[in-house]
Protein chains: 2
Amino acid sequence: MHERTVKDRIIVADDHPVFRDGLKRIVLKQFPGAQVQEAGCMEEVLACARASEEPPDTFVLDLLFPGLDSTRSIGELRQEFRSSSIVIVSMVDDAALIQDIMAAGADGFIGKSVSPDEIGAALAAVRNGEFVVKFSPSGLVPARHEPPAPLEPLTPRQRDVLRLVADGLSNKEIARKLEISPFTVRIHVSSLLRALNVGTRSALAAKAAKAGL
Amino acid sequence: MHERTVKDRIIVADDHPVFRDGLKRIVLKQFPGAQVQEAGCMEEVLACARASEEPPDTFVLDLLFPGLDSTRSIGELRQEFRSSSIVIVSMVDDAALIQDIMAAGADGFIGKSVSPDEIGAALAAVRNGEFVVKFSPSGLVPARHEPPAPLEPLTPRQRDVLRLVADGLSNKEIARKLEISPFTVRIHVSSLLRALNVGTRSALAAKAAKAGL
DNA sequence: GGTCGATTAGTACGGATGGGCTATGGGACG
DNA sequence: CGTCCCATAGCCCATCCGTACTAATCGACC
């Protein structure tokens, strides 16, 4: 199928220059004579790919926009360049996302946490007709994102009070600011202590501060 | 102040090998004779940093875990290595996050989308004593450094107490933990209130939490 | 209409907090 | 040796904090 063993054309796309450089070096090490073209966005990728009569041999693409747009772009790329290899390199290693990407027509998925040598090997494998999914199963980048969550079940007034507690104001000061009675402020503070499951006003303040107010 | 012009020690940390390689190359290009050590996680960073008698000259750190944990780690690093430069390199360029990071004691913030040359220039600027924040392709913003020095003049014992205050512990509990008298704890708390120029224990907790303690 | 939750307001009480004061011992620096 | 800073410990006292209990108003929901 591929007679052209002399000069591979490989497009490397990543919006982060440093990473793009790194990927280019990996590719060149793996395919010494290859013609590597760089792109910083999807438009550049398409422009590069269409610039030549012959389709590129391999796309090495960062997940520019982690989301549904990506799978869509991959699908379109697969439509237009049926014989090219498409390898996605990405920070996130969410199993569902990977499945979507492979289903969209990618030939390989490689996590950025994988070492350069392994990335090179994976590229070679894909170039060889294999389908490769390779990322860190350990849990180095589980992309956890819970900080903005714990303030959800609070009532609007509770959030008002919490903000001011986090500023270090006393109940009396908070009362003046909100134009309510200090007694009422205490009610809210007490309910906040229960709601956030802490025992002191200071823990409340710390928790609020850490959660981004 | 720095007589050691011959051999800088620079620690480059990023959990993504490819990016780490790229950063290392940038650093070596900017500081040709430098001794560059690589780390893939915070533990390795600390191990490297403590391995030598002399503190490292510069830390170049990826935001390993985008979130509050990072500011905390930075704060601790700043505590332990007062004279080192700390430069954070990160994908995200959220203004609030950057402010938190600088407040936690970093000397510079650089987005990964910035070109290698500009990253090198920024590192040189920081090495030169400047504070640099650089992310959007637009420009270089020298950071002001009055507010970002909140925890510097504290005594070790004050920091001990502050950490526990930020956890929401009462004076009595802190006394038990530190095995000192509650009266003594109050002394430290009072001094902290004056030192950090706040009026309440809660403001203390919030400030400590924001500063990454 | 009845019930529930959110918000408001109050009283009473025990414990925690923070300022001001004094005092001792150990290092560091000159 | 004197001085300064840090850490320790204690006392007095005014204030603040948090809980418990009661109670009124309002809107939502059944």
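Letters A, B, ... mirror the listed sequences (proteins, then strands); counts begin at 1.
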Rounded to whole angstroms, how far apart are [atom1] on [X] and [atom2] on [N]?
X: B/L192; N: C/dG18; atom1: CG; atom2: P; result: 10 Å
X: B/L164; N: C/dT17; atom1: CG; atom2: P; result: 13 Å
X: A/D160; N: C/dA6; atom1: CG; atom2: C1'; result: 13 Å
X: A/I174; N: C/dT8; atom1: CD1; atom2: C1'; result: 16 Å
X: B/K172; N: C/dG18; atom1: NZ; atom2: C1'; result: 15 Å
X: A/L204; N: D/dC16; atom1: CG; atom2: P; result: 19 Å
X: A/L169; N: D/dC17; atom1: CG; atom2: C1'; result: 15 Å
X: A/L162; N: C/dT7; atom1: CG; atom2: P; result: 13 Å

Checking [X] side chain against [Y] main chain: does a donor-acceptor pair fall under 3.5 Å?
X: B/K207; Y: B/L196; result: yes
X: B/D14; Y: B/H16; result: yes
X: A/Q30; Y: A/I26; result: no
X: B/R9; Y: B/Q37; result: no
X: A/E173; Y: A/S170; result: yes

Decide, yes or no, whether a salt bridge links A/D107 with A/R78 under the criterion of side-chain N to carboxylate O below 4.0 Å.
->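 So A/D107 pairs with A/R78 through a salt bridge.
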
OP1 or OP2 of C/dA16 less than 4.0 angstrom from a side-chain nitrogen or oxygen of B/S170, does that happen here?
->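 No, B/S170 has no side-chain N/O under 4.0 Å of OP1/OP2 on C/dA16.
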
C/dT7 phosphate, OP1 or OP2, under 4.0 Å from A/T155 side-chain N/O |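 Affirmative; the distance criterion is met.
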
May I ask you to list the residues of residues 175-189 of chain A, by number, that have any heavy atom positioned under 4.0 Å from an atom of DNA chain C?
->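 Heavy-atom cutoff 4.0 Å gives A/I180, A/S181, A/F183, A/T184, A/R186, A/I187, A/H188.
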
A/L193 side chain, from C-beta outward: closest of D/dG18, C/dG18, D/dT8 =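 The answer is D/dG18, which lies nearest to the side chain.
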
Candidates B/V185, B/L162, B/I180 - the one meeting side chain to side chain contact (heavy atoms under 4.5 Å, CB included) with B/R157 |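 Considering B/V185, B/L162, B/I180, a side chain to side chain contact (heavy atoms under 4.5 Å, CB included) with B/R157 is found only for B/I180.
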
